[in-house]
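See below for the structure under consideration.
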Amino acid sequence: MKMITNLTLALFVSVPFACTIGCGDSNQPVDVLQGQSREDLDAQADAISAEFERSGEESEMAGPTAEEEAMNRS
């Protein structure tokens, strides 16, 4: 019985302490637009879009060869 009492006491002491460490201010909203104008955001979006399209073009490869297709089927 003493062991259960000790475990219960440890649980009541450690849980609030662990929550204050683990939770912190993580539930606070983050302002990702802080200090940026609409023009800056549009320019960033255009740059990201252009980079995405360029990387897609570079990664386009020819289809698998007949040998590769045969290996995939087996």
Side-chain angles (χ1 to χ4, degrees):
M1 184 71 174
K2 184 176 181 181
M3 182 184 218
I4 293 173
T5 306
N6 287 341
L7 290 174
T8 305
L9 180 63
L11 183 67
F12 282 120
V13 171
S14 63
V15 168
F17 182 68
C19 187
T20 57
I21 292 173
C23 298
D25 291 332
S26 63
N27 60 346
Q28 298 298 322
V30 177
D31 185 10
V32 295
L33 306 177
Q34 182 178 1
Q36 295 183 350
S37 68
R38 181 67 185 175
E39 292 80 18
D40 291 341
L41 294 172
D42 288 341
Q44 288 178 7
D46 291 341
I48 292 170
S49 177
E51 179 68 25
F52 179 75
E53 288 176 4
R54 191 184 73 204
S55 68
E57 291 170 358
E58 290 175 357
S59 66
E60 287 181 8
M61 296 174 30
T65 63
E67 182 180 325
E68 291 172 336
E69 286 180 7
M71 289 175 58
N72 289 335
R73 281 188 227 133
S74 58

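Worth knowing before you read on, the calculation uses all heavy atoms, side chains too, and leaves out hydrogens, waters and symmetry mates. The model shown is predicted, which means the values in this text are computed figures rather than measured ones.
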Point to revise | Within 6.0 angstrom of E67 CD, more than 12 heavy atoms from elsewhere | key: no
Review point. Can you tell me how far CD of Q44 sits from CD1 of I48, rounded to the nearest 0.5 angstrom?
Key: 6.5 Å
Review point. What residues, two or more places apart in sequence or in another chain, satisfy side-chain contact (heavy atoms from CB on, under 4.5 Å) together with E39?
Key: S37
**Study point:** S49 side-chain N/O to A45 backbone N/O, donor-acceptor pair under 3.5 Å
**Key:** no
